[in-house]
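A short worksheet on the structure shown next.
Model, not experiment: these values are computed from the prediction. Side chains included, hydrogens not; waters and symmetry mates left out as well; all remaining heavy atoms used. Every chain is numbered from 1, with letters handed out A, B, ... down the list of sequences.
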There are 2 protein chains.
Amino acid sequence: MFNKVLIAEDLDSISVAVIQALEMLSVVEIHHAKYCDDAYLKIKKALLDKVPYNLLISDLSFKTDHRENKLTSGEELIEAVKKVQPDIKTIVFSIEDKSFRIKSLFNTLGINAYVSKGRNSLPELQTAIQRVYENEDKIISNELSHTLRGKSIFEIEAYDISLLKLLSKGYILDEIAKELKEAGISPNGSSSIEKRINKLKVYFKASNNVHLIAITKDLGLV
Amino acid sequence: MFNKVLIAEDLDSISVAVIQALEMLSVVEIHHAKYCDDAYLKIKKALLDKVPYNLLISDLSFKTDHRENKLTSGEELIEAVKKVQPDIKTIVFSIEDKSFRIKSLFNTLGINAYVSKGRNSLPELQTAIQRVYENEDKIISNELSHTLRGKSIFEIEAYDISLLKLLSKGYILDEIAKELKEAGISPNGSSSIEKRINKLKVYFKASNNVHLIAITKDLGLV
DNA sequence: GATCACTTTACGGTTTCCCGTAAAAAACTT
DNA sequence: AAGTTTTTTACGGGAAACCGTAAAGTGATC
């Protein structure tokens with residue numbers, strides 16, 4: 001089993017449970033950080049001292065408070081950590097359950113497992129740790145695996161997300177067109193953008209732009 | 001100390017920690033429900049058996065899954081519980097930190113304490129339980145008390161929330177007017193509604209309706 | 001009950017959204 | 001290379017949002 005594990009989790013109510021779960025797996029060294037910055041520093045320090053961590057278990061969202069932090073999310077933390085220690089194993093333990101976001105965690109960050117906080121997540125987390133230790137990869141906890149399978153024909157792409165983001169910032173069509181042109185993204189004619197937004201409205205069964213943003217906000221796409 | 005306490009919390013990672021915290025306060029009977037419906041049934045059953053709960057500690061948001069549930073949120077649960085057992089003490093333990101929503105919990109549901117899940121929430125939860133036991137009321141955990149003080153001049157009322165809710169459902173002005181008339185809420189002239197939405201746009205610095213909904217969604221108002 | 005302050009509603013003009021159609025451009029086929 | 005399909009862009013008309021102003025209603029005060 002892993003002998004040195006770091007947990008990045010802000011909620012104390014969750015971290016105590018995770019620590020307990022790790023103890024049951026007889027991990028000897030279990031460390032915990034409440035802020036991403038702290039977690040990053042611990043990993044760098046351990047690396048310098050030649051006693052690096054084998055595994056990082058991280059949440060995605062961290063509450064903001066009085067403290068100024070460079071790294072504010074699990075994504076940022078993992079990205080930064082992988083730069084200094086590419087061989088570290090990573091498990092994301094988060095409440096997030098939107099397939100779009102989880103997929104991108106595997107693809108862009110190369111995490112080893114994703115466990116969704118839920119009604120039976122502690123055992124799932126334990127088996128995920130076990131399987132990652134045995135060098136398995138791309139592990140998704142039970143509760144989620146079904147939602148990730150049922151994929152829709154119409155795949156939401158990064159382009160659609162940018163449109164939704166710009167819309168949610170209050171931009172009007174012409175402004176979005178201008179923005180995309182400057183960013184070198186195409187299609188960028190206001191008519192095409194209009195059409196694409198229309199597709200999104202059909203797909204999400206939204207009756208207008210306001211409705212569309214409300215729905216996609218709920219889904220965590222923006 | 002309370003001798004019979006019910007915890008309504010879906011995440012197992014959190015409930016084990018809360019149970020532990022209660023044990024430290026030497027609560028003898030600690031029960032736990034992962035679904036609002038289960039919690040409600042437990043409370044009703046205990047009441048019938050003449051061994052009622054003294055305290056309910058509830059989360060606000062519960063994940064949805066395959067199971068069909070009547071009660072889907074902590075608010076609904078507390079409202080239902082208070083109808084069958086008005087004297088029960090209630091503490092909300094949630095990640096929510098929007099002053100508007102917390103205020104309404106005290107005012108409309110009459111909860112006894114609110115503890116925000118955070119970096120030091122377990123001790124805060126313990127003292128809250130202690131103080132509720134000593135018949136103190138309207139307790140707000142440390143981390144939040146400051147944010148609730150700094151109040152704005154323009155108070156967002158329930159009326160505004162309904163407008164935003166209807167907007168986010170994709171309703172157009174005339175439809176909103178119609179809806180409000182049927183619900184007996186006034187003002188309900190489309191012009192007044194327009195003006196009110198305009199005030200909200202100024203207040204939230206939104207450039208149009210889409211932007212407004214994006215912002216208020218982020219704030220958790222809708 | 002007349003005056004004043006404030007709220008609610010009505011109305012009109014401009015802008016943007018919404019939606020269909022069609023032209024232009026690009027990509028693909030043979 | 002010519003034809004076909006698909007994607008992108010352009011255009012136009014009607015609906016809704018946007019924004020200012022004016023009228024009608026409401027309530028408090030004296």
Side-chain angles (χ1 to χ4, degrees), chain A residues 152-219 221-222, chain B residues 152-219 221-222:
Chain A
S152 45
I153 322 101
F154 180 68
E155 280 284 332
I156 310 291
E157 310 167 19
Y159 178 77
D160 299 290
I161 306 292
S162 359
L163 286 190
L164 292 170
K165 284 233 169 80
L166 291 168
L167 264 182
S168 74
K169 278 166 100 182
Y171 286 35
I172 64 175
L173 288 180
D174 287 342
E175 289 172 341
I176 295 177
K178 202 180 145 206
E179 197 78 12
L180 293 184
K181 278 193 191 89
E182 283 170 7
I185 302 172
S186 100
N188 53 40
S190 51
S191 180
S192 306
I193 294 167
E194 202 178 319
K195 289 250 177 307
R196 188 67 165 247
I197 292 173
N198 207 43
K199 273 189 188 169
L200 289 168
K201 276 188 286 207
V202 170
Y203 178 70
F204 287 113
K205 298 182 182 56
S207 51
N208 55 36
N209 282 358
V210 175
H211 197 192
L212 177 66
I213 290 301
I215 292 169
T216 51
K217 274 271 175 198
D218 280 339
L219 292 175
L221 289 177
V222 278
Chain B
S152 46
I153 322 100
F154 180 68
E155 280 284 330
I156 310 291
E157 311 167 20
Y159 177 76
D160 298 292
I161 306 293
S162 348
L163 287 190
L164 292 170
K165 282 230 169 83
L166 291 169
L167 264 182
S168 74
K169 280 174 134 180
Y171 286 35
I172 64 175
L173 287 180
D174 287 343
E175 290 173 338
I176 295 178
K178 203 179 146 207
E179 196 80 10
L180 293 184
K181 278 193 190 86
E182 283 169 7
I185 301 171
S186 98
N188 51 39
S190 52
S191 180
S192 306
I193 293 167
E194 202 179 318
K195 289 251 178 306
R196 188 67 164 245
I197 291 174
N198 209 44
K199 271 189 189 171
L200 288 169
K201 276 189 286 209
V202 171
Y203 178 69
F204 287 112
K205 299 183 183 55
S207 51
N208 56 36
N209 282 357
V210 175
H211 197 191
L212 177 65
I213 291 302
I215 292 170
T216 52
K217 273 270 177 199
D218 280 338
L219 292 175
L221 289 176
V222 276

Gap between atoms [atom1] and [atom2], on [X] and [N] respectively (whole Å):
{"X": "A:Asn188", "N": "D:dT9", "atom1": "CG", "atom2": "P", "answer": "5 Å"}
{"X": "A:Leu173", "N": "D:dT9", "atom1": "CG", "atom2": "P", "answer": "13 Å"}
{"X": "B:Leu212", "N": "D:dA16", "atom1": "CG", "atom2": "C1'", "answer": "16 Å"}
{"X": "B:Ile197", "N": "D:dA16", "atom1": "CD1", "atom2": "C1'", "answer": "12 Å"}
{"X": "A:Ile193", "N": "C:dC17", "atom1": "CD1", "atom2": "P", "answer": "11 Å"}
{"X": "A:Asn208", "N": "C:dC18", "atom1": "CG", "atom2": "P", "answer": "6 Å"}
{"X": "A:Ile176", "N": "D:dT9", "atom1": "CD1", "atom2": "C1'", "answer": "16 Å"}
{"X": "B:Asn209", "N": "C:dT15", "atom1": "CG", "atom2": "C1'", "answer": "13 Å"}

Original post:
Closest approach of A:Ile213 and A:Leu164, non-hydrogen atoms and distance?
Top reply: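 What the structure gives for the nearest pair is CD1-O, 3.6 Å.
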Original post:
Which heavy atom of A:Tyr171 sits nearest a heavy atom of A:Ile176, and at what distance?
Top reply: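 A:Tyr171 and A:Ile176 have their closest heavy atoms at CB-CG1, 3.6 Å.
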What N/O pairs connect the protein and nucleotides 10-13 of chain D at under 3.5 Å? Give each pair on its own line.
| unit_1 | atom_1 | unit_2 | atom_2 | d |
| --- | --- | --- | --- | --- |
| D:dA10 | N7 | A:Ser191 | OG | 2.8 |
| D:dA10 | N6 | A:Ser191 | OG | 3.3 |

Subject >> Proximal nucleotide (of D:dT9, D:dC18, D:dA16) relative to the B:Lys201 side chain >> reply: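 Ranking D:dT9, D:dC18, D:dA16 by closest atom to the B:Lys201 side chain puts D:dC18 first.
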Subject >> Residue of the set B:Arg196, B:Lys165, B:Lys199 for which side chain to side chain donor-acceptor pair (under 3.5 Å) holds with B:Asp160 >> reply: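 Running side chain to side chain donor-acceptor pair (under 3.5 Å) over B:Arg196, B:Lys165, B:Lys199 with B:Asp160 returns exactly one hit, B:Arg196.
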Original post:
With a 3.5 Å cut-off and no angle check, do the side chains of B:Lys178 and B:Asn188 form a donor-acceptor pair?
Top reply: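 No pair is found: no donor N or O on one side chain lies under 3.5 Å from an acceptor on the other.
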Original post:
What parts of residues 164-171 of chain A reach DNA chain D, counting only heavy atoms under 4.0 Å away?
Top reply: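 None, since no heavy atom is under 4.0 Å.
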Subject >> Candidates A:Leu180, A:Ile185, A:Leu212 - the one meeting side chain to side chain contact (heavy atoms under 4.5 Å, CB included) with A:Leu163 >> reply: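 It is A:Leu180, the one option of A:Leu180, A:Ile185, A:Leu212 that forms the side chain to side chain contact (heavy atoms under 4.5 Å, CB included) with A:Leu163.
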**OP:** Return no unless some side-chain N or O of B:Asn198 is found under 4.0 Å from OP1 or OP2 of D:dC19.
**Re:**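 For D:dC19, OP1/OP2 do have a side-chain N/O of B:Asn198 under 4.0 Å.
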